Amino acid sequence: MSKIWFITGANRGFGLEIAKAALAAGDRVVATGRSVEALQAAYAETGNADAVLCLPLDVSREADAAHAVEQAVARFGRIDVLVNNAGYGQLGLFEEIAAADIERQFATNVFGLMHVTRAVLPVMRRQRDGHVINIASVGGFRGFDGAAVYCATKFAVDGFSASLAPELAGFNIRVTVVEPGFFRTDFLDASSVRYGTTAIADYAALPTPPLSTYEAYNHQQPGDPAKLGRAFVELAAMARPPLHFVAGSDALGMARETFGQRLAEVEAHAALSASLDRDAG
C-alpha cells in the first residue's frame, strides 16, 4: 500500500529530493513550503500531478500547520510519514548574533518543527500508525565553532525526538531523527544561510577565523542529496527504524569520534560521578 508523505520545506534541497524519491516509489506527497509558486515550479516536471499536493506553510506559524494538515487529510485521508525538514542555518559567532536572530532561528528550526508535529500527531494516533522523521544534523550531537546557535537548535531537535519516541510507541508511531553530515545542497548559499550582523574585532584577529571554513566548503560537500532522499524511503519502509540515523560517511566518522570521546570522558571521571550518590562511601 502506498504511503502518504507530509514534507516541510519541500521546494528544494533535502525536502525536494525526499519527495522525488517517495514519488518514484509510488507514494503520494504533500509538499509544503512558504511559496506555493516555488513548489509548483519544483514539481511541474514530475509528471505525476495527482500524486502531489502543494500547500503553503510557514512552520513558524502554528495556525498554518493546522490548516495544512487539514487540507492534506481532506485530499489523501491520512498521513503515514511526516518529514520535518524546513529550517535554515544561522551561522556566525554567538556574540555577533542579535537576540532577535537567535529567536527567529529557534522559531523555525525548533518551534516550527513542534507546530507541525503537534498538528500531525492526532491524525497518526487515530490511525494507530505513522512515522515521524525529524531532520537534525551532525550539529545535533557535536558542536562546531561559528555555529553555536544553529547547533543549539539541532541539539534541541535531537532531544525532542529521543523524548517523543517513547511517548508515541504505544500508538505504533515510530520516530527517527536523521543527522546528516555535509551534503551538496544550497544550505551554505546566501539564499539560505545567515550570519551575525555585529563584528567583534577580537575574533577577526584570531589566526584562523572560525567562519572561513564554511565559505570554502560551499558546493564541495561530499553528500549526495538524491541518495539521501532514497535512504528516507528505505527508513520509512522499515518495521523497526532506528531512533537515530547518521547520514553520510563524514557523519559516520564524526559520530564515532564524538561518542568515543564522550565515553572516554565519562569513564575518566566515573569515580567522581559515582561518589555523588547519597549512600556512596
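Everything numeric here is computed off the predicted structure, so don't read it as measured data.
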Could you check whether any side-chain heavy atom of Val29 comes within less than 4.5 Å of a side-chain heavy atom of Ile18, counting everything from C-beta outward? no
Does Arg78 have more than 12 heavy atoms from other residues, nucleotides or ligands lying within 6.0 Å of its CZ? yes
CG (Leu55) and CD1 (Ile7) are apart, to the nearest 0.5 Å, by 12.0 Å
On a heavy-atom basis, the closest approach of Lys154 and Ile135 is NZ-O, 3.1 Å
Considering all heavy atoms, the nearest Ala68-Pro56 contact: CB-O, 4.4 Å
For Leu57 and Thr8, what are the C-alpha separation, side-chain angles and deciding distance, and is it a side-chain contact (heavy atoms from CB on, under 4.5 Å)? CA-CA 8 Å; Leu57 171 56; Thr8 66; 4.0 Å; yes
Beyond-backbone contact of Val123 with Val69, side-chain heavy atoms, under 4.5 angstrom: yes
Test side-chain contact (heavy atoms from CB on, under 4.5 Å) on Leu168 and Met124 and set out the steps. CA-CA 10 Å; Leu168 300 179; Met124 291 185 171; over 6 Å; no
Examine Val52 and Ile4 and state if one hydrophobic cluster contains both, with Ile, Leu, Val, Met, Phe, Trp and Tyr joined whenever side-chain heavy atoms are less than 4.5 Å apart. no
Between Gly143 and Phe155, the two heavy atoms sitting closest are N-CE1, 4.4 Å
side-chain contact (heavy atoms from CB on, under 4.5 Å) between Leu16 and Tyr43: does it pass, once the steps are laid out? CA-CA 9 Å; Leu16 178 58; Tyr43 291 91; 3.6 Å; yes
With heavy-atom distances below 4.5 Å as the criterion, would you say the side chains of Val30 and Arg75 are in contact? no
Would you say that Val59 contacts Asp64 through its side chain, given a criterion of any heavy-atom pair below 4.5 Å between the two side chains? no
Just say parallel, tilted or perpendicular for the rings of Phe182 and Phe144, cut-offs at 30° and 60°. perpendicular
Is the side chain of Asp277 donor-acceptor paired with the backbone N or O of Asp279 at a distance under 3.5 Å, no angle test? no
Looking at CD1 of Ile79 and CG of Leu121, how far apart are the two atoms once the value is rounded to the nearest 0.5 Å? 10.0 Å
Can you confirm whether Thr153 sits close enough to Gln90 that some side-chain heavy atom of one is under 4.5 Å from a side-chain heavy atom of the other? no
OG1-CZ distance between Thr117 and Phe160, expressed to the nearest 0.5 angstrom: 4.5 Å
Provide the closest heavy-atom pair for Tyr150 versus Gly89 in the form atom of the first, atom of the second, distance. CD1-CA, 3.7 Å
Assigning hydrophobic clusters by single linkage (Ile, Leu, Val, Met, Phe, Trp, Tyr; side-chain heavy-atom cutoff under 4.5 Å), is Leu113 placed with Tyr88? no
Provide the closest heavy-atom pair for Arg174 versus Asn172 in the form atom of the first, atom of the second, distance. NH1-O, 2.6 Å
What are the two closest heavy atoms between Val110 and Ala156, and how far apart are they? CG2-CB, 3.9 Å
Would a hydrophobic clustering, with Ile, Leu, Val, Met, Phe, Trp and Tyr connected at side-chain separations under 4.5 Å, put Val73 with Trp5? no
Are Val177 and Val116 in one and the same hydrophobic cluster, where Ile, Leu, Val, Met, Phe, Trp and Tyr link if side-chain heavy atoms are under 4.5 Å apart? yes
Less than 4.5 Å apart, any side-chain heavy atom of Val81 and any of Phe232? no
Between Glu179 and Met254, does the side-chain contact (heavy atoms from CB on, under 4.5 Å) criterion hold? Intermediate values first, please. CA-CA 11 Å; Glu179 298 156 330; Met254 283 185 251; over 6 Å; no
Minimum side-chain heavy-atom gap Phe14-Val83 below 4.5 Å: no
State whether the number of non-hydrogen atoms from other residues, nucleotides or ligands found under 6.0 Å of Arg256 atom CZ is greater than 12. no
Which value, rounded to the nearest 0.5 Å, describes the distance between Leu23 atom CG and Arg28 atom CZ? 11.0 Å
Atom NE2 of residue position His244 - does it have more than 12 heavy atoms of other residues, nucleotides or ligands inside 6.0 Å? yes
Do Leu243 and Phe171 share a hydrophobic cluster, counting only Ile, Leu, Val, Met, Phe, Trp and Tyr and linking them when any side-chain heavy atoms are less than 4.5 Å apart? yes
Okay, side chain of Thr176, backbone of Pro242: is any donor-acceptor separation there less than 3.5 Å? yes
Atom CG of Leu91 and atom CG of Asp145: how far apart are they, to the nearest 0.5 Å? 10.5 Å
Considering only heavy atoms from C-beta outward, does the side chain of Ile102 approach that of Gln105 to under 4.5 Å? no
Looking at CG of Asp27 and CG of Asp80, how far apart are the two atoms once the value is rounded to the nearest 0.5 Å? 8.0 Å
Does Asn134 reach the main-chain N or O of Asp158 with its side chain, forming a donor-acceptor pair under 3.5 Å? no
Looking only at the aromatic ring of each residue, does the gap between the centers of Phe141 and Phe259 stay below 6.0 angstrom? yes
